[in-house]
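Here is how names work: the chains are called A, B, and so on, in the same order as the sequence lines, proteins then strands, and each is numbered from 1. All heavy atoms count here, side chains included; hydrogens, waters and symmetry mates do not.
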Amino acid sequence: MPELPEVETVRAGLEKYIVGQQIRNIETFHPRALKPSSLLPLSAVNGAKINSIRRRGKFLWLELDREFVLVAHLGMSGQLLVQKSHVKDHPHLRARISLSGLIKGYANEVRFIDQRTFGWLSVEQVFEGIPTSVLKISKDPFESEFDLRQVVTNINRRKTAIKPAILNQNIISGIGNIYADEALWRAKIHPEIICEDLNENEIKKVIKSAISIMKLSIKAGGTSFDEAYKNVNGESGYFSRSLKVYGREGEPCPRCRSKIRRIAFTNRSSHFCPRCQR
DNA sequence: CATCGACCCTGCGGGC
DNA sequence: TGCCCGCAGGGTCGAT
């Protein structure tokens, strides 16, 4: 569920609360909480000091005073909450990272909660600062080395529809189903148009739209529809009220008042305006 | 390489 | 009241 803006909200929250802290112990309560390909068991990070919190796309990792890092992916329903140890365990608690000191004088744990268990933690090596599992995906648009021209050229060569292309984390990372639909609406591009049939300016407009929308969402603390997405303090973001098409099937298009349509394709829902997006 | 479908999970709401 | 179905913001894998 969390896309780049939601993961960035979590990253910033962790940065605020746990940088400089030392990991005392990590417990897991579900076998899927540890990624099977993890280089080492989670106990390898016991005693490590947290130097910084980094992110690329939807992947998050803690840089430590070690040769390896602790990587986290939230999957569809993952949350990382900064909590006090006496707070009752959530039924979907998958892992507990206990810290040596008190966070901002009161909390002392980071809890990984994940209803659907698609999220995971793992201990990984880094190559030029990037963990192994993150090497597989492309840079996200908020990285300074992000190359818009190269992404546009890449997409323009493809024979798939534009929507799966912008969701493909190997081309550009961070965009998920919500921001893909929002970006395509803003750029007035139908989600099923084949990449090859678009021109470079149209593709550029889609990517730039995604970037603008994600920036706004980060400012609003991300998108929350329900209990499923929370920041590290357990609070919801406000961006859902700014969504133009996602989850608004049957409602009027904010531009032309036509009814927003929802179609299923490539196993996901797409929301778009049939009049603005041809 | 690029693309597609199946699969990995749990829980919710709607229709019957 | 139940039951079944579709649906949910993620990625990975193997077949083609």
Task: d(CZ, A:Phe112; C1', C:dG10) in whole Å - done: 11 Å
TODO: Establish, with yes or no, whether the OP1 or OP2 oxygen of C:dG10 is under 4.0 angstrom from a side-chain nitrogen or oxygen of A:Arg268.
DONE: yes
- [ ] Check whether the side chains of A:Asn170 and A:Ser138 place a donor and an acceptor atom closer than 3.5 Å, and report yes or no.
- [x] no
- [ ] Please state how far atom NZ in A:Lys163 lies from atom C1' in B:dT3, giving the value in whole angstrom units.
- [x] 17 Å
TODO: For the residue pair A:Ser100 and A:Gln22, confirm or rule out a side-chain donor-acceptor distance under 3.5 Å.
DONE: yes
- [ ] Would you classify A:Thr223 as touching base, sugar-phosphate or nothing, given that sugar-phosphate means primed atoms plus P, OP1 and OP2, and contacts are heavy atoms under 4.0 Å?
- [x] base
Task: Distance-only side-chain donor-acceptor flag, A:Thr117 / A:Arg32, under 3.5 Å - done: yes
- [ ] Calculate the interatomic distance between A:Phe265 atom CZ and B:dC4 atom C1'; express it in whole Å.
- [x] 12 Å
- [ ] Return the 5'-most residue of the pair A:Thr266, A:Arg157 with respect to DNA chain B, ranking by each residue's nearest nucleotide.
- [x] A:Arg157
Donor-acceptor contacts, no H, no angles, side chain residues 207-222 of chain A, under 3.5 Å, sequence neighbours left out:
| unit_1 | atom_1 | unit_2 | atom_2 | d |
| --- | --- | --- | --- | --- |
| A:Ser209 | OG | A:Lys205 | O | 2.6 |
| A:Ser212 | OG | A:Lys208 | O | 3.0 |
| A:Ser217 | OG | A:Tyr179 | OH | 2.7 |

Task: Single hit among A:Val87, A:Val82, A:Leu80 for side chain to side chain contact (heavy atoms under 4.5 Å, CB included) with A:Arg111 - done: A:Val87
Open item on the list: Without decimals, in angstroms, what is the distance between A:Phe239 CZ and C:dG9 P?
Closed with: 16 Å
- [ ] If the plane angle is over 60° it's perpendicular, under 30° parallel, otherwise tilted; pick one for A:Phe59 and A:His73.
- [x] perpendicular
Task: Gap in Å between the two P atoms, one belonging to B:dA6 and one to C:dG6, rounded - done: 14 Å
- [ ] For A:Arg56 and C:dG11, give me the distance from atom CZ to atom P, rounded to whole Å.
- [x] 14 Å
Open item on the list: Just N and O in the side chain of A:Lys35: are any of them under 4.0 Å from OP1 or OP2 of C:dG11?
Closed with: no
Task: Distance-only polar pair, side chains of A:Arg262 and A:Ser269, donor-acceptor under 3.5 Å - done: yes
Task: Distance in angstrom units between A:Asn267 CG and C:dG10 P, rounded - done: 13 Å
Open item on the list: Rounding to an integer number of angstrom, what distance separates B:dC9 and C:dG14 when you compare their P atoms?
Closed with: 16 Å
Task: B:dC12 and C:dG11, which share atom name P, separated by this distance in whole Å - done: 24 Å
- [ ] From the options A:Asp89, A:Thr28, A:Ile26, select the one residue that forms a side chain to side chain contact (heavy atoms under 4.5 Å, CB included) with A:Arg96.
- [x] A:Asp89
- [ ] Would you classify A:Tyr179 as touching base, sugar-phosphate or nothing, given that sugar-phosphate means primed atoms plus P, OP1 and OP2, and contacts are heavy atoms under 4.0 Å?
- [x] nothing
Open item on the list: Judged by each residue's nearest nucleotide on DNA chain C, which is more toward the 5′ side, A:Asn177 or A:Ser133?
Closed with: A:Asn177
Task: ring pair (Phe, Tyr, Trp, His ring centres under 6.0 Å) between A:Phe239 and A:Tyr229, intermediate numbers included - done: CA-CA 12 Å; A:Phe239 198 68; A:Tyr229 173 73; over 10 Å; no
Task: Length of the NE2-P vector between A:His73 and C:dG11, whole Å - done: 4 Å
TODO: Represent DNA chain C in dot-bracket notation, 5' to 3'. Only Watson-Crick or G-U wobble pairs with both distances under 3.5 Å count; pseudoknot-style crossings use [ ] and interstrand partners use |.
DONE: .|||||||.|||||||
Open item on the list: From NZ of A:Lys159 over to P of B:dA2, roughly how many Å is that when rounded to an integer?
Closed with: 11 Å
- [ ] Compare the minimum distances between each of C:dG11, C:dT12, C:dG9 and the side chain of A:Gln169, then state the nucleotide with the smallest one.
- [x] C:dG11
- [ ] Consider only side-chain N and O atoms of A:Asp181 and A:His271, and report whether a donor and an acceptor are under 3.5 Å apart.
- [x] yes
Task: Contact pattern, 5' to 3', of nucleotides 8-15 of chain B - B, S or - by protein heavy atom under 4.0 Å - done: BBBS----
